[in-house]
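Worth saying up front: this structure is predicted, and the values here are computed from it rather than measured. Heavy-atom basis, side chains included; hydrogens, waters and symmetry copies ignored.
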Amino acid sequence: MKNIIQNINKAFDHRIRLGIMSVLIVNESADFTTLKELLGVTDGNLASHAKALESENYIMIEKQFIGKKPNTSYRATKEGRKAFQEHIEALEKLITSSGG
């Protein structure tokens, strides 16, 4: 039997990274506060998982000031969208091929 988990992307193993990508796939972008509230995570957790996705070039992190307040926004890259789509397809294959 072929290795049915070979196309599952390790970068999306963690539920927070999976959540970040899920939000960014259906939205053009999301800011730090929105992601934090949607995912129910701490500042540090969100920041570290976002950094991990950024280091894979799956998301872009943009920091700017709106007035005097800092604002961090996140956007999925083209590469990130492709990798996430392949990950979802691999999960779907895993689910359909392992059913009894």
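Put simply, the side chain of N45 never gets that close to the backbone of V41: no donor and acceptor are under 3.5 Å apart. Remark: side-chain polar atoms of D31 are paired, donor with acceptor, to backbone N or O of T34 under 3.5 angstrom. Between the side chain of R81 and the backbone N or O of I25 there is at least one donor-acceptor pair closer than 3.5 Å.
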- Message: For a side-chain contact (heavy atoms from CB on, under 4.5 Å) check, start with the C-alpha distance between M21 and I59, then their side-chain angles and the critical distance, and finish with the verdict.
- Response: CA-CA 8 Å; M21 288 305 295; I59 67 170; 3.6 Å; yes

- Give the intermediate values and the outcome of side-chain contact (heavy atoms from CB on, under 4.5 Å) for residues I20 and Y74. CA-CA 9 Å; I20 291 169; Y74 304 87; 5.6 Å; no

- Task: Dump the intermediate steps for side-chain contact (heavy atoms from CB on, under 4.5 Å) on K10 and D13, then the final yes or no.
- Result: CA-CA 5 Å; K10 213 150 163 47; D13 268 1; 3.4 Å; yes

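Looking at I88 and F12, their side chains never come closer than 4.5 Å, going by heavy atoms from C-beta outward. At least one side-chain heavy atom of H14 sits under 4.5 Å from a side-chain heavy atom of H49. Side-chain contact check for D43 versus F32: some heavy-atom pair is nearer than 4.5 Å. Between N9 and Y58, the closest side-chain pair of non-hydrogen atoms falls below 4.5 Å.
Sorted by first and then second residue, the salt bridge (charged side-chain N to carboxylate O under 4.0 Å, His left out) pairs involving residues 71-80 (not counting sequence neighbours) are E28-R75.
Here T72 contributes atom OG1 and Q64 contributes atom CD; the two are 9.0 Å apart, rounded to the nearest 0.5 Å. Residue L46 holds its CG atom at 12.0 Å from CZ of R17, rounded to the nearest 0.5 Å. Atom NE2 of residue H87 and atom CD of residue E92 lie 10.5 Å apart, to the nearest 0.5 angstrom. Atom CD1 of residue I61 and atom OG of residue S73 lie 9.5 Å apart, to the nearest 0.5 angstrom. Atoms NZ and OG1, on K36 and T42 in that order, are 7.5 Å from each other to the nearest 0.5 Å. Here CD1 of I66 is found 9.0 Å from NZ of K69. Values are rounded to the nearest 0.5 Å.
Cluster membership for F84 and I8, using ILVMFWY side-chain heavy atoms within less than 4.5 angstrom, is shared.
Taking each heavy atom of L35 and A30 in turn, the nearest pair found is CG-CB, 3.9 Å.
With salt bridges taken as basic N to acidic carboxylate O contacts below 4.0 Å, none links E89 and K93.
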